[in-house]
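Predicted model only: the values in this text are computed from it and were never measured.
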Amino acid sequence: MTADPAIPVDRLAALASPETQRLAAHMAHDTFSALFRLALEPSADSPDATMEALRVQCSNWCSAGEGEDAQALRLALLIAGLDQWGLAYTQAFNLTALPALSRLLGDLRSPLSPTADARFQTFFAQIEAHEGDAVDFKIELRRNIHLALWHAMSASEDPADGERIVQTLGSLMLALVARMPTLGWRLLADGLASIQIRLLSDPAFSGEVSQNGTQQLFESLRRALPPEQYRGILAHAGQAVLSWQQRRRPAQ
């Protein structure tokens with residue numbers, strides 16, 4: 001995707017390679033999953049020990065960057081990812097707050113000197129303001145969030161819960177298009193392709209809940225987006241699904 005000339009140049013790639021950016025997205029995913037489990041199981045053994053282990057793991061990874069700028073960028077990527085996970089899940093699961101997440105974010109920033117914090121804030125703002133910057137991070141992050149919410153919808157036993165999650169997922173996808181005029185539709189198409197691939201590849205998602213929720217998602221996007229743009233998104237997603245199917249075929 002980053003080879004497409006229509007995509008803005010990633011000005012942060014010299015400080016964080018595509019591999020590092022994808023790793024940051026996965027670290028945000030894994031860290032948030034652990035934090036969310038703490039929220040679901042407040043009586044779990046040693047929550048303070050879990051929080052400290054997460055803080056150390058995140059801090060060590062950020063400190064492994066080569067130089068102060070690379071370290072600050074790693075922290076900005078990680079916190080941006082955790083922020084996005086928190087926003088998605090508080091909306092999808094009707095939560096008012098995630099105290100463990102707020103605590104970890106504070107623990108990661110509080111040791112920073114004023115100079116280091118200013119450097120962090122500069123990178124954090126740049127990631128948000130410029131579409132092409134940290135693009136591989138954004139692709140991986142959004143794909144993981146979209147799939148996680150879709151999985152949660154598919155596992156919902158209460159239809160009202162499933163509908164709320166679908167609405168949240170659709171809103172997040174539409175917000176991408178509005179906030180990222182050049183890349184947002186591509187990230188949306190990537191999310192739709194990932195969902196379709198999961199439907200085709202895993203029999204566990206062949207049930208009525210998964211099928212109906214997916215249909216509802218596509219229909220809500222169709223109604224909300226301009227027809228030409230929606231057709232382009234479907235075509236882009238369809239190409240990705242077709243490529244996946246071709247790779248799965250045995251060599252002739």
CA sep, side-chain torsions, deciding dist, call: Arg222, Glu219, salt bridge (Lys or Arg N to Asp or Glu O under 4.0 Å):
CA-CA 5 Å; Arg222 184 191 65 80; Glu219 179 60 23; 2.4 Å; yes
To the nearest 0.5 angstrom, please state how far the CE atom of Met180 sits from the CD atom of Glu131.
5.0 Å
Among side-chain atoms of Asp10 and Gln21, is any donor-acceptor pair under 3.5 angstrom?
yes
same_hphob_cluster(Ile197, Ile233) at 4.5 Å side-chain heavy-atom cutoff
no
Would a 4.5 Å heavy-atom cut-off, applied to side chains only, mark Leu192 and Leu221 as touching?
yes
Where do Ala24 and Leu78 come nearest, in terms of heavy atoms and distance?
O-CD1, 4.3 Å
His151 meets the ring-ring contact (aromatic ring centres under 6.0 Å, His included) criterion, sequence neighbours left out, with Phe205
Gap separating the NE2 atom of His26 from the CG atom of Asn144, nearest 0.5 angstrom:
5.5 Å
Quick one: closest heavy-atom pair of Ala237 and Gln196, and the distance?
CB-NE2, 3.9 Å
Whether the side chain of His146 engages the backbone of Arg142 through a donor-acceptor N/O pair (distance < 3.5 Å, no angle test) should be reported.
yes
Whether the Arg119 and Gln71 side chains hold a donor-acceptor pair (N or O, under 3.5 Å, no angle test) is what I'd like checked.
no
Starting at CG of Asp69, measure out to CG of Leu15 and round the result to the nearest 0.5 Å.
5.5 Å
Which residue pairs pass the salt bridge (charged side-chain N to carboxylate O under 4.0 Å, His left out) test when at least one of the two sits in residues 54-64, sequence neighbours left out?
Glu52-Arg55
Review item, side-chain donor-acceptor pairs of residues 87-99, under 3.5 Å, at least two apart:
residue : atom : partner : partner atom : Å
Thr90   : OG1  : Gly86   : O            : 2.8
Thr90   : OG1  : Leu87   : O            : 3.0

With no hydrogens and no angle check, is any side-chain donor or acceptor of Lys138 less than 3.5 Å from a backbone partner on Asp133?
yes
Is there a donor in the side chain of Asp117 and an acceptor in the side chain of Gln121, or the other way round, less than 3.5 Å apart?
yes
Please tell me whether Leu174 and Trp150 are part of a single hydrophobic cluster in this structure, the criterion being side-chain heavy atoms less than 4.5 Å apart.
yes
Roughly how far, to the nearest 0.5 Å, is CG of Leu108 from CZ of Arg103?
11.5 Å
Looking only at atom types and distance, does a side-chain atom of Ser156 sit under 3.5 Å from a main-chain N or O of Ala152, one as donor and one as acceptor?
yes
For Gln215, does the CD atom have more than 12 heavy-atom neighbours from other residues, nucleotides or ligands under 6.0 Å away?
no
Over all atoms of both residues, closest heavy-atom pair of Gly232 and Trp185:
O-CZ3, 4.1 Å
Single-linkage hydrophobic cluster Phe218~Leu169, side-chain heavy atoms < 4.5 angstrom
yes
Measuring from atom CG of Leu172 to atom CD of Gln84, what distance do you get when rounded to the nearest 0.5 angstrom?
8.0 Å
Paired with Trp61, the side chain to side chain contact (heavy atoms under 4.5 Å, CB included) test is passed by just one of Thr20, Thr31, Leu75, namely Thr20
Do Val241 and Leu188 share a hydrophobic cluster (ILVMFWY, side-chain heavy atoms under 4.5 Å, transitive)?
no
Does the distance from a Lys or Arg side-chain N to an Asp or Glu carboxylate O, for Glu19 and Arg22, drop under 4.0 Å?
no
Is there a chain of hydrophobic side chains (I, L, V, M, F, W, Y, each step under 4.5 Å between heavy atoms) that links Leu199 to Leu147?
yes
